[in-house]
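Down below is the structure, laid out as structure tokens.
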Amino acid sequence: MNNKNGWGLQSEIIFICVFIFCLISSIILITVLGLYKKNNVNGNTDIVISSVYKNMLNDLEKGAKKYIKNDMDDIVKKSIIINSKVLESKGYINKLVDDNNKACEGYVEVTNDMFLKYNPYVKCKDFISNGYNNNVE
């Protein structure tokens with residue numbers, strides 16, 4: 001006898017399988033198309049980056065903090081940009097190089113909104129941090 005009062009077990013299992021297939025397909029497509037990024041670096045969503053680039057960003061931030069503490073006479077009013085070349089020349093950071101020993105460039109944007117916020121950015125041959133502005137260098 002046919003049950004006309006709802007779905008049968010077979011129909012429910014087929015529906016669940018189709019739903020799971022669509023869900024998995026969507027996740028794969030979203031990840032492949034880059035709409036979902038895996039790591040959060042310096043407040044921006046970036047692709048997963050190697051420890052070399054993370055270390056560069058950390059070194060830039062630490063160098064900028066030392067520079068502000070030791071070399072800035074005035075309090076940062078709104079925002080300033082500190083170039084990596086300035087930090088290198090003052091001895092606060094080593095030269096920025098990637099894992100292939102190729103030179104990189106970078107800068108730190110320091111903003112003052114009740115407290116100082118440091119946002120380091122790096123540009124190498126194979127990596128550019130999210131938010132990097134070519135016009136700053």
Side-chain angles (χ1 to χ4, degrees):
M1 182 171 210
N2 234 351
N3 183 359
K4 304 263 185 202
N5 295 329
W7 291 19
L9 181 60
Q10 184 180 11
S11 298
E12 288 178 348
I13 290 174
I14 290 172
F15 176 78
I16 291 171
C17 288
V18 169
F19 178 78
I20 290 173
F21 175 78
C22 291
L23 183 66
I24 291 171
S25 298
S26 298
I27 291 170
I28 291 170
L29 284 174
I30 288 171
T31 304
V32 168
L33 293 176
L35 299 175
Y36 174 76
K37 303 296 181 178
K38 295 182 186 272
N39 211 2
N40 193 334
V41 178
N42 73 340
N44 302 314
T45 51
D46 278 346
I47 58 173
V48 175
I49 61 174
S50 75
S51 61
V52 172
Y53 301 120
K54 286 181 185 178
N55 290 339
M56 267 191 241
L57 293 167
N58 288 335
D59 290 346
L60 273 172
E61 184 174 338
K62 288 176 188 174
K65 286 178 180 178
K66 289 177 187 175
Y67 178 80
I68 294 286
K69 181 180 177 186
N70 298 331
D71 291 325
M72 294 287 297
D73 294 331
D74 297 330
I75 296 173
V76 176
K77 302 256 189 275
K78 189 72 173 156
S79 102
I80 61 167
I81 303 292
I82 305 171
N83 192 305
S84 62
K85 303 246 186 278
V86 171
L87 297 174
E88 286 175 23
S89 68
K90 299 277 187 179
Y92 293 123
I93 63 170
N94 294 324
K95 184 175 181 181
L96 299 176
V97 291
D98 64 11
D99 48 357
N100 294 322
N101 214 24
K102 301 285 184 188
C104 299
E105 46 191 51
Y107 63 92
V108 181
E109 181 179 13
V110 184
T111 55
N112 188 355
D113 293 324
M114 303 289 277
F115 60 92
L116 295 180
K117 182 177 180 187
Y118 298 84
N119 294 312
Y121 300 96
V122 173
K123 177 182 175 185
C124 299
K125 182 181 178 198
D126 297 325
F127 173 79
I128 300 176
S129 58
N130 193 20
Y132 184 91
N133 184 348
N134 285 317
N135 298 325
V136 171
E137 288 291 322

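Atoms considered below: every heavy atom in the structure, side chains included; atoms not considered: hydrogens, waters and symmetry mates.
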Reported [atom1]-to-[atom2] distance for the pair [X] and [Y], which is rounded to 0.5 angstrom:
X: Asn119; Y: Leu57; atom1: CG; atom2: CG; answer: 10.5 Å
X: Asn100; Y: Cys124; atom1: CG; atom2: SG; answer: 10.0 Å
X: Ser89; Y: Leu87; atom1: OG; atom2: CG; answer: 7.5 Å
X: Tyr121; Y: Asn134; atom1: OH; atom2: CG; answer: 13.0 Å
X: Met56; Y: Lys123; atom1: CE; atom2: NZ; answer: 13.5 Å

How far apart are the closest heavy atoms of [X] and [Y], and which atoms are they?
X: Leu96; Y: Ser84; result: CD1-CB, 3.7 Å
X: Pro120; Y: Ser129; result: O-OG, 4.4 Å
X: Ile93; Y: Asp59; result: CG2-O, 3.2 Å
X: Leu60; Y: Gly106; result: CD1-CA, 4.3 Å
X: Tyr118; Y: Val110; result: CD2-CG2, 3.6 Å

Is there a side-chain contact (heavy atoms from CB on, under 4.5 Å) between Ser79 and Glu109 once you walk through the steps? CA-CA 7 Å; Ser79 102; Glu109 181 179 13; 4.3 Å; yes

Heavy-atom side-chain proximity of Val108 to Tyr67 below 4.5 angstrom: no

Verify the cluster assignment for Ile28 and Ile20: are they in a single hydrophobic cluster under the rule of side-chain heavy atoms below 4.5 Å apart? yes

Does Ile14 sit in a hydrophobic cluster with other residues, and if so which ones, taking ILVMFWY side chains as linked at heavy-atom separations under 4.5 Å, directly or through other members? Val18

Set of residues satisfying salt bridge (charged side-chain N to carboxylate O under 4.0 Å, His left out) with respect to Lys90, sequence neighbours excluded: none

Sequence-distant partners of [X], side chain to side chain contact (heavy atoms under 4.5 Å, CB included), two or more places apart:
X: Lys62; value: none
X: Asn94; value: none
X: Lys69; value: none
X: Leu23; value: Ile27

Should the pair Tyr53 and Phe127 be assigned to parallel (<30°), tilted (30 to 60°) or perpendicular (>60°) ring geometry? parallel

List for me each residue that meets side-chain hydrogen bond (donor to acceptor under 3.5 Å, both in side chains) alongside Lys65, sequence neighbours excluded, and say none if there are none. Glu61

